[in-house]
Amino acid sequence: MEYKVGVIAGDGIGPEIVAEARKVLDRVGEKCGHIFSYTEILMGGCSIDACGEPLTQEAIAAAKAQDAVLMGSIGGDAKTSPWYKLPPEKRPEAGLLGIRKALNLFANLRPAYLYPELRAACPLRDEIIGDGFDMLIMRELTGGLYFGERKTETVDGKVKATDTLVYSEDEIRRIAIKGFDIARKRRKIVTSVDKANVLDSSRLWRKIVEEVAKDYPDVTLSHMLVDNCAMQLVKDPKQFDVILTENMFGDILSDEASMVTGSIGMLSSASLNETKFGLYEPSGGSAPDIAGKGIANPIATILSAAMMLRYSFDLDQEADAVESAVKQVLKDGFRTIDIFPQKGEDASGIKQVGTKEMGDAIAERI
Ligand code: IPM
Ligand code: MG
């Protein structure tokens with residue numbers, strides 16, 4: 001079968017890591033008799049340079065015409081890049097927020113898994129790590145503070161800025177359903193994270209999540225305040241299976257969860273709407289400091305392509321094959337610099353490789 005894949009390579013290390021994910025997809029195609037046809041789409045800083053804005057209507061239309069979109073990363077160095085002299089709504093990040101909204105990608109899945117081979121990269125103590133951990137953050141992506149009304153005004157001679165955190169019950173219900181559905185395929189535990197001791201939007205969140213939970217008697221639900229969750233993630237990450245939370249809390253907690261796995265270069269993500277369509281991207285940023293050096297870790301992007309196979313194309317076996325190939329390269333000792341053992345750690349049997357060699361090694365193992 002033929003699958004139409006939009007490719008937003010983006011800025012910084014984006015083009016390098018996306019090239020490796022395409023390499024792996026092509027290998028899957030060859031092995032399993034699928035055709036992945038790619039359409040390049042501009043977004044972020046490169047779109048500002050080419051078209052004067054981070055996301056054009058043509059780019060949105062092109063993305064909509066695909067079965068799924070694979071993305072690298074967008075943005076540059078905020079201190080030095082001219083993109084950050086532009087007003088906020090013209091900067092690269094506005095392209096990302098714009099495409100999320102335009103394609104209604106309200107469900108953001110961010111798995112955080114500790115590979116046994118990368119245990120040494122985990123900053124937590126051995127007794128906390130135990131047998132490792134495997135959680136998934138289900139982040140609401142098109143509501144809350146990110147998309148509520150905002151303004152900066154001068155009141156009585158003083159500048160005042162306002163952001164608004166808004167959620168409707170429908171927005172909460174649809175993300176809660178996604179959270180419970182995915183928990184059913186995992187360990188059947190949902191931790192819903194909010195700030196219900198302070199915020200009205202969180203009190204509504206809790207009420208609606210409890211209503212949805214009634215349809216999932218096989219899934220265990222608990223509620224946790226976001227500040228406590230930040231603490232529990234480093235105190236006892238094993239307790240979590242699915243963390244269900246609103247946009248801003250999910251943004252913060254997912255970075256924290258990625259850090260406890262040791263490298264953000266390993267973490268994939270999927271942003272989905274009500275259909276099979278999804279946007280798949282690594283959790284990490286554009287890392288302008290190492291762009292073009294051929295040393296970036298392509299694994300997060302390759303694992304994002306695996307999520308695309310699973311969620312948008314229903315190719316579970318192919319997705320399993322990509323994930324196993326990643327595990328195998330780690331077993332075989334391949335490491336990009338971000339996951340290479342630190343000074344003083346055992347590096348026997350470990351070889352440092354660049355972006356391309358890592359992509360080749362994974363493709364070969366499919
Ligand atoms: C993320 C990023 C984005 C976000 C930025 C780049 C706008 O941090 O995907 O987590 O805040 O959602
Ligand atoms: Mg973030």
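Both ligands and their constituent atoms are indexed starting at 1 by order of listing. One is the number of the first residue; the rest follow in order along the sequence. The analysis underlying the following values was restricted to heavy atoms, covering all of them including side chains, and did not include hydrogens, waters or symmetry mates.
Contact shell of ligand 1 (protein heavy atoms, cutoff 4.0 Å): Glu93, Arg100, Arg110, Arg139, Tyr146, Asp251.
Using a distance-only test at 3.5 Å, with no hydrogens or angles considered, no donor-acceptor pair links the side chain of Thr142 to the main chain of Lys101.
No more than 12 heavy atoms of other residues, nucleotides or ligands sit less than 6.0 Å from atom NZ of Lys90. Heavy atoms from other residues, nucleotides or ligands lying under 6.0 Å from NZ of Lys351 number more than 12.
A side-chain contact (heavy atoms from CB on, under 4.5 Å) with Tyr280 is found for exactly one of Leu303, Leu309, Thr301, Leu272, namely Leu272.
Side-chain contact between Arg22 and Val7 is present, with heavy atoms from C-beta onward closer than 4.5 Å.
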**Request:** For Asp77 and Tyr84, run side-chain hydrogen bond (donor to acceptor under 3.5 Å, both in side chains): C-alpha distance rounded to whole Å, both residues' side-chain angles, the deciding distance at 0.1 Å, then the answer.
**Result:** CA-CA 8 Å; Asp77 184 338; Tyr84 294 90; over 6 Å; no

Side chains of residues 58-67: which donor-acceptor pairs under 3.5 Å do they make with residues two or more places apart or in other chains?
unit_1 : atom_1 : unit_2 : atom_2 : d
Gln66  : NE2    : Ala62  : O      : 3.0
Asp67  : OD2    : Lys4   : N      : 2.7

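For the salt bridge (Lys or Arg N to Asp or Glu O under 4.0 Å) test, no residue two or more places apart in sequence or in another chain qualifies with Lys331.
Distances under 2.8 Å from the Mg ion (ligand 2) pick out the protein N/O/S atoms Asp251 OD1.
Pro217 and Arg184 make their closest contact through CD-NH2, 4.4 Å (heavy atoms, listed as atom of the first residue, atom of the second, distance).
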